[in-house]
Number of protein chains: 2
Amino acid sequence: MARYANVSRQTVSNVLNSPEVVKEETRQRVLDAVEALGYRVSAAARQMRTGRSRLLAVRIETTQDGMNVFDRFLHGLTESAARSGYRVLLYTAADDRAEIATIDQLLGEFEPDGFVLTSTHHGDPRAAWLAERALPFVSFGRPWGAPEDVHPWVDVDGAAGTEAATHHLLDAGHRRIGFVGWEPGSGVGDDRRAGWSRALAGRGLDAGLVLETDGSSAQGQAAARELVERGATALVCVSDSVALGALQVIPDVVGFDDTPVAAAVGLTSLSQPLTEAAARCVDLLTSRLSDRPAVSHVLLTPSLVIRKEPRS
Amino acid sequence: MARYANVSRQTVSNVLNSPEVVKEETRQRVLDAVEALGYRVSAAARQMRTGRSRLLAVRIETTQDGMNVFDRFLHGLTESAARSGYRVLLYTAADDRAEIATIDQLLGEFEPDGFVLTSTHHGDPRAAWLAERALPFVSFGRPWGAPEDVHPWVDVDGAAGTEAATHHLLDAGHRRIGFVGWEPGSGVGDDRRAGWSRALAGRGLDAGLVLETDGSSAQGQAAARELVERGATALVCVSDSVALGALQVIPDVVGFDDTPVAAAVGLTSLSQPLTEAAARCVDLLTSRLSDRPAVSHVLLTPSLVIRKEPRS
DNA sequence: TTGTATGCGTTATCAA
DNA sequence: TTGATAACGCATACAA
């Protein structure tokens, strides 16, 4: 490279890293050489010198029934990261402890510059572990049960979503709207439930038609049956999975996540702006990594995808 | 490290890479030091010296309707790779040309040791590009339209799957079984169709009830309507997407891929052994990477997930 | 504005 | 069986 352009290695490095310091003519000559020789910086060598890998590590998730949105988030993350000059490194882990162990190992070997945590929950040991060590990370999901700004995060406003869904049903004339949720204690589940009850409270309606499930369609269906017996005429659900079960019982149901299943069965559902969320995660992480001042968190609003007008 | 264990750096390296060459006592001392200091080899430094990154690169896919199986394959790949000491690096690309450009760039920067290609098709330029340069790669998907062993691959036997599906319907008493496929020329689609017609031929039945679609549920539904008009009493479909459409027309339908949507709507479907396929991809790649003789390809059989007995 | 020297952490080679 | 040395490619400090 340097020989080809008739300069020193240092000049080449300068052209690439601080172009303004090199004379125009020399710069052009080097740039031509870069082109001609198809030169690319070696990530490994650069990492050895700078200590930065330009790697972002993320755990790849799977769920039992496959009705999740992680794949779309991951795609967005990969794309956004690439735009900022980062690549995404994948790992798997069965639980929080295993994930911490893997992160620890990754840190020693590939030295990712940052981590993206997903599926945050109350008392999340992963966030605590990373924060303790002052490692750069962002979570897709709020620090449930912890102060709002203990670490940077991006999340989707579940409450705003279910509130909009409830209003949608109210506007169609429904007055006895139930909620099929998860067992309490799940930050995400409680948040989604809060939006529903807020909407009802806003119209002076009772928010008593609630039932908890394990998130399966089977329990969703059972819960829906009971709520309908208790007078519910429409249901807001914490997920598409339980909504799918509820849909067997009653037509006016709103799900959450807008999974392919929702589209397939004509289920109205709340769609998370996943590409946007992923992009914001990368933003937060990269500004942190380049010591730029960054906002501490981002809360996005889901949108209601209406697939069928409520009947009454 | 070396100082702590009172040996040279080289001895440490030997303990880690060729333990048999080091005296038992020294080895133990070094191992203790490794433990005490929480030592981990730096991937970057090792890569600089050896030229191997222990990275496998894969493109992350998305489809329009989200009814794909790639996420499960990717999870399996990440897990299997980790077991063999490799990590998965993700990238995105809009088309084959962009993918080749990205692979080229990756090669210069992160220098992945191997690539996993998915969604292979006739005249795939990616496989040709990699093969030309003698780069280690394996594809999940056969080299359609090329000699069987131009490169290592893992695939699922679509024909065997649709043949089993057709037999399933035949056994229930159906005699006029149609096939809803993709436009011809798609290797995967043609293969799946071949299994259906083979099963019918085996019973001396006519394989005339075929229609092509673009893979959407809408076209699946339209095709099903027409085939039913032409006398079909049951349908084998090239994908869950078209099967979903067909299901609106007639109950005895078999899909392909066993996506969450199939489970949601009670659609009988063919399930690909994706974890197994991913594991075999890693096997083929790692044996190639360590110059072990490897089988050239692996063909796996999908299994029929019966969700509803055919009526006859 | 450009060039020289150095070291990041490994491992291969070779000598002891 | 162990140790010394060199080199991978880059970026920084410093000298010219």
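Naming convention: chains lettered A, B, ... in sequence-line order (proteins, then strands); numbering from 1 in each chain. For the numbers below, each heavy atom of this structure counts, side chains included, while hydrogens, waters and symmetry mates do not.
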>> Tell me whether A/R126 is salt-bridged to A/D124, with the criterion being a basic N under 4.0 Å from an acidic carboxylate O.
In response: yes
> Between A/S139 (side chain) and A/G141 (backbone), is there a donor-acceptor pair under 3.5 Å?
Replying inline: yes
> Could you give the CG-to-C1' distance, from A/L107 to C/dG9, as a whole number of Å?
Replying inline: 17 Å
> Roughly how far, to the nearest 0.5 Å, is the CG atom of B/L130 from the CG atom of B/L135?
Replying inline: 5.5 Å
>> Under 4.0 Å, heavy atom to any atom of DNA chain D: which of residues 9-19 of chain B qualify?
In response: B/R9, B/Q10, B/T11
>> Quick one: does any side-chain atom of B/D191 pair with a main-chain N or O of B/G158 as donor and acceptor, under 3.5 Å?
In response: yes
> Per the end-axis method with five pairs at each terminus, what is the bend angle of the helix from C/dT1-D/dA16 to C/dA16-D/dT1, to 10°?
Replying inline: 40°
> Has A/R97 got more than 12 heavy atoms of other residues, nucleotides or ligands less than 6.0 Å from its CZ?
Replying inline: no
>> I'd like to know if the side chain of B/H122 reaches the main chain of B/G185, judged simply by a donor and an acceptor atom lying under 3.5 Å from each other, with no hydrogens or angles considered.
In response: yes
>> Taking ring pair (Phe, Tyr, Trp, His ring centres under 6.0 Å) as the definition, give me every residue that meets it alongside A/F137, ordered by chain and number, with sequence neighbours left out.
In response: A/H151
>> At a heavy-atom distance below 4.0 Å, which nucleotide of DNA chain D is the first touched by chain B, and which is the last?
In response: D/dT1 to D/dG9
>> I need the residues from residues 26-52 of chain B with at least one non-hydrogen atom less than 4.0 Å from DNA chain D; give them sorted by number, or say none.
In response: B/T26, B/M48, B/R49
>> Treating B/T11 as the side-chain partner and B/V7 as the backbone partner, does any N or O pair qualify as donor plus acceptor under 3.5 Å?
In response: no
> Are A/R29 and A/D32 ion-paired here, with the side-chain N under 4.0 Å from a carboxylate O?
Replying inline: no
> Is a side-chain N or O of A/T286 found less than 3.5 angstrom from the main chain of A/D283, in a donor-acceptor match?
Replying inline: yes
>> For the backbone of B/Y86 and the side chain of B/S84, can you confirm whether one donor and one acceptor N or O come within less than 3.5 Å of each other?
In response: no
>> List the residues meeting side chain to side chain donor-acceptor pair (under 3.5 Å) with A/R59, not counting sequence neighbours, and say none if there are none.
In response: A/E99
